Q: 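Got a structure for you, questions after.
Note that the structure is predicted; figures quoted are calculated from it, not measured.
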Amino acid sequence: MLDRYKKKGGFYQLLQLLETSPTAKREQFLGLIGGESPAWEEALRKRILTITRVYSWDGQYLVEIFSRVQPLTLANALHGNPQEQVDSLLSCLPPISKRKITDMMAESSPTPAEKSTCISKMLSEVRGFVSQGIIRLEKVDPELHIPENIEELLSVNAFATPTFDASAPTPVKSDSKPNIVGESDPAAQQENEFLKRKVNQLSSEINALKHENSVLKDKLSQIKKIA
């Protein structure tokens, strides 16, 4: 199943297929993918765009999205959500735009299917904004960013990275002094947390690829014996 997606751009195509599929069908696809390559399954799961993930973004990025989607689409997507969440999400908009959305929410009564359709439409448009460069995931949400050569990174043949233990503590010299500025700087702490998550992510992908490589070697050995 994965062979057709291992070419350049294939990962993104498969991701779009998963994002536009119903939850049950998506999990079925991911199960099949995991059977062929745990590394691909993990990489895809981490990058599936959800409305909950979008709502967690900073207001400066949400305003770029909310100001570009159809007001009724946004109103229906938010309909039924907790009022505190709606107020928080719409706080990024100018008062007039916010009032327009809230008025639409009060007047409309979308069915669950209609709300789901509007959420899917919003996610599709967000993907379009990413493709156009309006939303840059490497800045907005780095864990969702797709490296240009991700198919190569997920390929066993192209993978040649030394292993390491991401959980091992970094040695500290006895005479070293704590970086007081770094500890009190929120930006530095945020960057540090991101780097830690990135190391853990890469470590997981390394272990998954090592396992897949081992399985492929065993299969190749069996084939050679039969031949």
Side-chain angles (χ1 to χ4, degrees), residues 9-27 29-30 42-148 150 186-187 189-191 193-195 197-198 201:
F11 183 91
Y12 182 71
Q13 293 176 1
L14 186 53
L15 186 61
Q16 284 187 307
L17 174 62
L18 292 169
E19 288 178 345
T20 55
S21 298
T23 304
K25 181 68 72 173
R26 177 190 301 168
E27 288 301 316
F29 284 155
L30 286 167
E42 182 180 6
L44 287 163
R45 282 188 182 278
K46 287 181 178 179
R47 292 172 175 84
I48 290 176
L49 186 65
T50 65
I51 198 65
T52 301
R53 194 70 177 252
V54 172
Y55 288 164
S56 71
W57 292 348
D58 191 84
Q60 64 177 310
Y61 305 118
L62 290 179
V63 71
E64 295 291 338
I65 298 170
F66 292 169
S67 62
R68 285 176 167 82
V69 300
Q70 289 294 327
L72 184 58
T73 299
L74 177 58
N76 286 344
L78 290 172
H79 195 279
N81 289 23
Q83 189 60 44
E84 290 184 1
Q85 183 192 41
V86 173
D87 292 339
S88 176
L89 291 171
L90 296 182
S91 64
C92 65
L93 294 174
I96 296 178
S97 299
K98 179 179 178 181
R99 175 60 64 86
K100 182 177 182 179
I101 299 300
T102 54
D103 287 348
M104 284 185 172
M105 291 177 65
E107 295 171 0
S108 64
S109 182
T111 64
E114 289 171 337
K115 175 174 179 174
S116 179
T117 298
C118 288
I119 290 175
S120 296
K121 185 176 181 180
M122 275 191 62
L123 293 175
S124 178
E125 293 200 37
V126 171
R127 276 296 179 194
F129 300 153
V130 172
S131 299
Q132 297 167 35
I134 297 172
I135 296 295
R136 300 182 66 85
L137 289 178
E138 61 268 33
K139 294 182 177 180
V140 181
D141 197 336
E143 291 185 351
L144 293 178
H145 176 60
I146 303 173
E148 186 176 352
I150 191 168
Q189 291 180 356
Q190 185 177 10
E191 182 179 2
E193 288 300 318
F194 165 70
L195 290 174
R197 291 196 302 269
K198 199 65 178 177
Q201 175 188 346

Q: Which heavy atom in P142 sits nearest to a heavy atom in E138, and how many Å separate them?
A: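 Closest approach of P142 to E138, heavy atoms only: CG-O, 3.4 Å.
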Q: Give the table of side-chain donor-acceptor pairs shorter than 3.5 Å for residues 10-17, with sequence neighbours excluded, one pair per line with atom names and distance.
A:
unit_1	atom_1	unit_2	atom_2	d
Y12	OH	Q16	NE2	3.3

Q: Could you go through N81 and K115, starting from their C-alpha distance and side-chain angles, then the distance that decides it, and tell me whether this counts as side-chain contact (heavy atoms from CB on, under 4.5 Å)?
A: CA-CA 11 Å; N81 289 23; K115 175 174 179 174; 2.8 Å; yes
Q: Would you be so kind as to tabulate the donor-acceptor pairs closer than 3.5 Å made by side chains of residues 103-112, with sequence neighbours excluded?
A:
unit_1	atom_1	unit_2	atom_2	d
S108	OG	N76	OD1	3.4
S108	OG	M104	O	2.9
T111	OG1	E114	N	3.1

Q: Using every non-hydrogen atom in the two residues, find where R26 and S21 come nearest and quote the distance to one decimal.
A: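 Closest pair (atom of R26, atom of S21, distance): NH2-O, 3.7 Å.
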Q: Looking at CD1 of I146 and CG of L144, how far apart are the two atoms once the value is rounded to the nearest 0.5 Å?
A: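 It is 8.5 Å, given to the nearest 0.5 Å.
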Q: Determine the minimum heavy-atom distance between C118 and A77, stating which atoms define it.
A: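 That closest heavy-atom pairing would be CB-N, 4.1 Å.
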Q: As a quick check of understanding, evaluate side-chain contact (heavy atoms from CB on, under 4.5 Å) for V130 and L49, giving each step before the final call.
A: CA-CA 11 Å; V130 172; L49 186 65; 6.0 Å; no
Q: Nearest 0.5 angstrom please: L78 CG to T102 OG1, how far?
A: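 Here the rounded value is 10.5 Å.
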Q: Without placing hydrogens or testing angles, list every side-chain donor-acceptor pair under 3.5 Å for residues 59-67, not counting sequence neighbours.
A:
unit_1	atom_1	unit_2	atom_2	d
Q60	NE2	D58	OD2	3.4
E64	OE1	R68	NH1	2.5
S67	OG	V63	O	2.6

Q: Step by step, work out the side-chain contact (heavy atoms from CB on, under 4.5 Å) result for I135 and W57.
A: CA-CA 11 Å; I135 296 295; W57 292 348; 4.2 Å; yes
Q: Go through the structure and list residues passing salt bridge (charged side-chain N to carboxylate O under 4.0 Å, His left out) with E84, not counting sequence neighbours.
A: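 By the salt bridge (charged side-chain N to carboxylate O under 4.0 Å, His left out) rule, E84 matches no residue at all.
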Q: Does some side-chain heavy atom of L74 sit less than 4.5 Å from a side-chain heavy atom of L90?
A: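 In contact.
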Q: Should we say atom CD of E27 is surrounded by more than 12 heavy atoms from elsewhere, each under 6.0 Å from it?
A: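 It does: E27 CD has more than 12 such atoms within range.
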Q: Pairs of donor and acceptor atoms involving the side chains of residues 119-129, under 3.5 Å and at least two apart or interchain, shall be tabulated with distances.
A:
unit_1	atom_1	unit_2	atom_2	d
S120	OG	S116	O	3.1
R127	NE	E19	OE1	3.1
R127	NE	E19	OE2	3.3
R127	NH2	E19	OE2	2.7
R127	NH2	R47	O	3.0

Q: Tell me, which pairs form a side-chain hydrogen bond (donor to acceptor under 3.5 Å, both in side chains) where one or both residues lie in residues 86-99, sequence neighbours left out?
A: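 Output for this query lists Q83-D87.
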